[in-house]
Amino acid sequence: MEETISLYDIFKVLKKRIVLILSITIISTLAAAIISFYVLTPIYQASTQILVNQKTSEQQTQIQTTDIQTNLQLINTYNVIIKSPVILSKVIEILDLNTTPSALSNQITVSNANNSQVVNISVQDEQAFLAVDIANTVAQVFQEEVKELMNVDNVNILSPAELPENPSPVKPNKMLNMAIALVIGLMVGVGLAFLLEYLDTTIKTEHDVEELLGLPILGFVSKITDANSEVPLTVKSKRAVRRENVNV
C-alpha cells in the first residue's frame, strides 16, 4: 500500500518539532559566529598593478597590433616568473621574512583580465601592512629582474599597493559564514525532525489509532473517578474500595 504525505502532515511535523528545529538552527549560527569572530585569524589583502607594454621610440606615434599581441603572450610567462623562487627569494631577503618561496607563493595571486596588458598582483597576509609591503616589493623586484631574465624592458608599475587607514580583512566573511550555518542548521533540524517522526511508532492519541488501523473511532471510554475525590482510580485504589465494602 503506497503511503502519501500531505502538506498538512508536513506542517504538523514541523509544528510538533519546532523547538528542536529552532534550537539546532540557533546553535549552529552562534557556533559559526563565535568561530568567525574569535577563532579564525583575519586575513588582509593588498594589490598592485603592473603594465606590460612595448617600449616605443620618440618617432613611433602608434603602437602596432603585433606588439600588443606579443605583450599579451608574454603576460602568461610573466605570471609564472612573478611567483618563481628567483623573484620570491629576493623579496624574502629584502623584507627579512620568516618564510619560504613556496609558502610565499601560496599567498600571492597573479591575474589579468582578458586581452588586457595590466597584470594584478594580490597578496594575502595576517598583517595588513605586511601584505602591502610584499605586493609592492614583488612588483619592484620583478620589474628589475625581468630585464635580465627576458632581456626586455616593458614592465611598469601602474598602481602600487597602499595601506588604508582602517583596513578590513577579506577573510573570514563573518556574515556569509553565519548565513551558511543558519541554512545548514535549518536543514539539519528539519531532517532530524522528520527522522524522529519516522522512528516514533508509539500511539499517543486517537488520531494515531485511526492512521494506524485505517478505521474510524466509534466511541471513547471515559475515565473512572472516585465520587469523593474526583480523581481517576488506579487498579490498586479500586481493589481497596472493594475491600472496604466487604468489611462493611
Side-chain angles (χ1 to χ4, degrees), residues 1-45 102-103 105-109 111 122-126 128 131 167-246:
M1 183 177 180
E2 185 179 357
E3 296 183 358
T4 59
I5 301 177
S6 63
L7 290 176
Y8 173 78
D9 296 329
I10 295 176
F11 285 121
K12 184 173 67 174
V13 174
L14 295 178
K15 182 179 179 181
K16 180 180 179 181
R17 307 285 182 177
I18 188 64
V19 176
L20 174 65
I21 296 173
L22 291 178
S23 298
I24 295 178
T25 303
I26 294 174
I27 290 174
S28 62
T29 305
L30 289 177
I34 293 174
I35 294 174
S36 299
F37 280 93
Y38 301 105
V39 177
L40 298 179
T41 303
I43 301 297
Y44 298 89
Q45 179 172 297
S102 177
S105 176
N106 295 330
Q107 299 179 235
I108 301 175
T109 302
S111 62
S122 299
V123 180
Q124 294 184 353
D125 194 84
E126 297 179 2
S168 58
V170 294
K171 297 179 182 178
N173 192 332
K174 303 178 181 63
M175 300 307 298
L176 179 60
N177 292 344
M178 292 175 62
I180 294 175
L182 186 145
V183 174
I184 294 177
L186 185 61
M187 294 173 60
V188 172
V190 172
L192 184 60
F194 281 98
L195 177 62
L196 293 177
E197 189 68 19
Y198 175 78
L199 298 177
D200 187 6
T201 58
T202 58
I203 300 176
K204 300 181 177 65
T205 64
E206 63 274 8
H207 298 290
D208 296 337
V209 178
E210 288 183 341
E211 294 178 358
L212 180 63
L213 301 179
L215 299 174
I217 296 177
L218 300 179
F220 300 92
V221 178
S222 60
K223 296 181 180 179
I224 302 176
T225 59
D226 188 357
N228 297 328
S229 61
E230 296 184 356
V231 176
L233 296 177
T234 62
V235 176
K236 182 177 179 180
S237 61
K238 292 178 181 178
R239 292 178 180 176
V241 171
R242 291 178 182 175
R243 291 176 183 175
E244 291 177 359
N245 295 335
V246 172

First locate atom CE of M178, then atom CZ of F37, and finally report the distance between them rounded to the nearest 0.5 Å. 6.0 Å
Could you name each residue pair satisfying side-chain hydrogen bond (donor to acceptor under 3.5 Å, both in side chains) that touches residues 24-35, not counting sequence neighbours? none
What is the minimum heavy-atom distance between Y44 and A131, and which atoms define it? O-CB, 4.1 Å
So for atom CD, which belongs to E126, do other residues, nucleotides or ligands contribute more than 12 heavy atoms lying within a distance under 6.0 Å? no
Neighbour count above 12 (heavy atom, 6.0 Å) for K174 NZ: yes
When rounded to the nearest 0.5 Å, the distance separating CG of L196 from CG of L20 is 6.5 Å
In this structure, CG of L22 is separated from CZ of R17 (nearest 0.5 Å) by 14.0 Å
Can you give me the closest heavy-atom contact between I24 and G189, atom names plus distance? CD1-CA, 3.8 Å
All pairs passing side-chain hydrogen bond (donor to acceptor under 3.5 Å, both in side chains) where residues 31-41 contributes a residue, at least two apart: S36-N177
Between the side chains of Q45 and Q124, does any donor sit under 3.5 Å from an acceptor? yes
What distance separates E197 CD from D9 CG, expressed to the nearest 0.5 Å? 9.0 Å
Kindly compute the distance separating CG (D125) from CD1 (I108), expressed to the nearest 0.5 Å. 10.5 Å
To the nearest 0.5 Å, how far apart are CD1 in I21 and CG in L14? 5.0 Å
